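Report on the structure given below.
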Amino acid sequence: MLFSLALLLLLVLPISAEEPEVIFAQVGGSVTLPRKAWSSKTELYVHWYFGTDEQPLILRTPHIPLKKGSQKYWQDRLSFSSDLSLFISPVLDNDFGLFRCQQHEYLTIKETKYQLYRVIVPTMVSLLVGDALSLTCEVEPNPVHPSVKWLRPRGSNYFTKSSKNKHTINVSSISNNHSGDWICTVEHKNQMFNATTSVKIIDLSPSPPDPIYTAVNSSPPSMPCSLSSDISWPVLNGSGLQGGSWSFTPLNSSSLRPLLTLNLSSPAWRDSNGEKGFLQEKVLKERDLAVKSSQVSVKNRGTYTCSLQFKGGRTLSRKVQLEVLEVRSSNSSTSEGSTVNLTCTLGQPLPPGLEVNWIPPKTASRLFLKIHPDSLSLPSVTVQDSGEWKCELRKKKTVLTSAVMALTIEKAPVDAWLFVAVGGAAFIFVLVPVLILIIIHRRRQNVKKRQRKARFCCCKNPQAKGFYKT
Ligand SMILES: *[C@@H]1O[C@H](CO)[C@@H](O)[C@H](O)[C@H]1NC(C)=O
Ligand SMILES: *[C@@H]1O[C@H](CO)[C@@H](O)[C@H](O)[C@H]1NC(C)=O
Ligand SMILES: *[C@@H]1O[C@H](CO)[C@@H](O)[C@H](O)[C@H]1NC(C)=O
Ligand SMILES: *[C@@H]1O[C@H](CO)[C@@H](O)[C@H](O)[C@H]1NC(C)=O
Ligand SMILES: *[C@@H]1O[C@H](CO)[C@@H](O)[C@H](O)[C@H]1NC(C)=O
Ligand SMILES: *[C@@H]1O[C@H](CO)[C@@H](O)[C@H](O)[C@H]1NC(C)=O
Ligand SMILES: *[C@@H]1O[C@H](CO)[C@@H](O)[C@H](O)[C@H]1NC(C)=O
Ligand SMILES: *[C@@H]1O[C@H](CO)[C@@H](O)[C@H](O)[C@H]1NC(C)=O
């Protein structure tokens, strides 16, 4: 009797002599506790327990494929993988303990134990570009002494220095290519566990390589500026952001004028001086710090600086150069016959590689003289030269922007013509009768002379001394 009871106990009591299997996990991550395949039978009972709990966390019988225990703490986070391993996601702080997997077949029970060990890495690190990065991966003391090292997102890895259960890498000055997921790999036997830390680098995207070209009265351009990675405003604020601005340095000037300042509590760009300026106010969302401008004039030529100020006097800034094309004429409204010079200008000499192309109005079918790479001279203009003279700024075959000038050529003033006409008419009126009279007079005289010659000059010595009346 006693013997059979002992035999029964021996059969019912789980066979488990082994040490618990070591499993690594990260809070917030997921973990799989692999079931040791024991029997090939499908008629298998699998029960998973936590610690000394009597009630299973999750179980499977030949009739019920999956049944969860009633513990609220676990319920939504547990599931079976296809081979009846236990899958936990997300892992919480109180999960680091002993798990038991019991497999029943008839009266035989096999139990496997698993001990969960914590791997601690920072979940997210946000740093200003150029800062020093130090990452530590801490592995809860365990019996297996795994090999631990850090892997960086791209490029070659750094040396991981280990001291006891802490494994650290240091990077003296971080750049954008350090951003991304850094992985602490914990490896022992054939098992590998990865704990990840998301490293966000606070930096501004590079400035556009070329200036922004626009023209007077053309559609207002947008001034680009953005954070180089997706960083939320609370994170930025937590990283010591203290202010920001969009400021302006006019062409050929060194004075820096703030146009917009960053209101951190909204967050938004707001007019610095309380009055509407060239750059428009904007509520900020996500990483985009760009602003729209208003109607462009030559006064807006210059350099615009987008900057963010951080604690400790650190500043991130990017510059955008705005070039405004304009057609200037020596005289926009002139009379026919005069010379008009047109100049297409950025307010400073044309940068190398850029050229100006002129498009005259359709009515102007004349030759014009290019006196300078960016200037035209139109000698003796006519009314046909009136209209829009367009100049295009080109880089190779691409038109960067174009500007127009409306030229008005007037006929010579009407008064002058009238004067000429009236004067001419009067002249003719007076002159013609006078001429006629003179001609008539001359003719008469000639007739008289001939008559006299006929009377007195048939002698050899004509006497010119006196007149004789007939
Ligand atoms: C990382 O960025 C720095 C400067 O931004 C550059 O000098 C370096 O070559 C980059 N390294 C890799 C692996 O891309
Ligand atoms: C990493 O830098 C920290 C200070 O930032 C220092 O305490 C630590 O000793 C350094 N570790 C290594 C491996 O250089
Ligand atoms: C851990 O990360 C490394 C590097 O990305 C990868 O090669 C490896 O497959 C990962 N291992 C696991 C178990 O996710
Ligand atoms: C920033 O914006 C908030 C809300 O729009 C406003 O109450 C506050 O006065 C602004 N701060 C400054 C410095 O303009
Ligand atoms: C940003 O941080 C400061 C303290 O550094 C705090 O006073 C302010 O309320 C924070 N603003 C936002 C929008 O979180
Ligand atoms: C432009 O033309 C108008 C009319 O012909 C003339 O009165 C004015 O003096 C001219 N201005 C210049 C700068 O040549
Ligand atoms: C136009 O340009 C020519 C050549 O540079 C110059 O001689 C002339 O004075 C200019 N005329 C005007 C009206 O500016
Ligand atoms: C700016 O300076 C350049 C020479 O550096 C000069 O040619 C140009 O006329 C100046 N522009 C203005 C608007 O003063």
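Owing to the predicted nature of the structure, the values given are computational and were not obtained by experimental measurement.
In this structure, NZ on Lys292 lies 16.0 Å from CH2 on Trp269, to the nearest 0.5 angstrom. Atoms OG and CD1, from Ser126 and Ile231 in turn, are 6.5 Å apart once rounded to the nearest 0.5 Å. Between atom CG of residue Leu325 and atom SG of residue Cys391 there is a gap of 4.5 Å, rounded to the nearest 0.5 Å.
Between the side chains of Thr315 and Ser317, no donor-acceptor pair is found at a separation under 3.5 Å. A donor and an acceptor atom, one from each side chain of Thr136 and Thr168, are located under 3.5 Å apart. Under the 3.5 Å distance criterion, with hydrogens and angles disregarded, no donor-acceptor pair is assigned to the side chains of Asp374 and Thr343. Counted by atom type alone, Asn237 and Ser239 present zero donor-acceptor pairs between their side chains at under 3.5 Å. Side-chain polar atoms of Thr160 and His167 form no donor-acceptor pair below 3.5 angstrom. For the residue pair Ser134 / Asn170, a side-chain donor-acceptor distance below 3.5 Å is found, with atom types taken as modelled. For the residue pair Asn176/Ser228, the side-chain donor-acceptor check at 3.5 Å is satisfied.
With hydrogens and angles ignored, the 3.5 Å screen pairs a side-chain donor or acceptor of Ser253 with a backbone N or O of Ser255. Looking at Trp233, its side chain does come within 3.5 Å of a backbone N or O of Glu286 through a donor-acceptor pair. A donor-acceptor pair under 3.5 Å is absent between the side-chain atoms of Trp150 and the main chain of Ile183, judged by distance alone. A donor-acceptor pair under 3.5 Å is absent between the side-chain atoms of Arg154 and the main chain of Gly180, judged by distance alone. Without hydrogens or angle criteria, Tyr73 side chain to Asn94 main chain gives a donor-acceptor distance under 3.5 Å. Side chain of Arg257 to backbone of Thr249: no donor-acceptor contact under 3.5 angstrom is found.
Put simply, the residue from Glu323, Arg301, Gln321 that forms a side-chain contact (heavy atoms from CB on, under 4.5 Å) with Leu251 is Arg301. Between Phe99 and the choices Phe87, Tyr114, Phe50, the ring-ring contact (aromatic ring centres under 6.0 Å, His included) rule is met once, by Phe50. Here the options are Gln26, Glu187, His188, the test is side-chain contact (heavy atoms from CB on, under 4.5 Å), and the partner is Phe193; only Gln26 passes. The side-chain contact (heavy atoms from CB on, under 4.5 Å) test with Glu326 is passed by exactly one of Val404, Val298, Asn217: Val298.
Within a 6.0 Å radius of NZ in Lys68, more than 12 heavy atoms belonging to other residues, nucleotides or ligands are found. The number of heavy atoms from other shown groups lying within 6.0 Å of CD (Gln75) is above 12. At most 12 non-hydrogen atoms from other residues, nucleotides or ligands lie less than 6.0 angstrom from CZ of Arg328.
Using a 4.0 Å cut-off between charged nitrogen and carboxylate oxygen, Lys200 and Asp230 do not count as a salt-bridge pair. Look at Asp203 and Arg318 and you find a salt bridge, because one of the NZ, NE, NH1 or NH2 atoms lies within 4.0 Å of a carboxylate O, short of that distance. One finds a salt bridge joining Glu281 and Arg270 here, because a Lys/Arg side-chain nitrogen approaches an Asp/Glu carboxylate oxygen to under 4.0 Å. Using a 4.0 Å cut-off between charged nitrogen and carboxylate oxygen, Lys36 and Glu21 count as a salt-bridge pair.
The side-chain contact (heavy atoms from CB on, under 4.5 Å) check on Pro141 picks up Asn165, with sequence neighbours excluded. A search for side-chain hydrogen bond (donor to acceptor under 3.5 Å, both in side chains) contacts involving Asn357 returns Glu392, not counting sequence neighbours.
Applying the ring-ring contact (aromatic ring centres under 6.0 Å, His included) test to pairs two or more places apart or on separate chains, those with a residue in residues 290-329 are Phe248-Tyr304, Phe278-Tyr304.
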- Please report the C-alpha distance between Asp288 and Lys282 in whole Å, then the side-chain angles of each, then the deciding distance to 0.1 Å, and finally whether the salt bridge (Lys or Arg N to Asp or Glu O under 4.0 Å) criterion is met. CA-CA 10 Å; Asp288 191 15; Lys282 186 187 175 189; 3.5 Å; yes
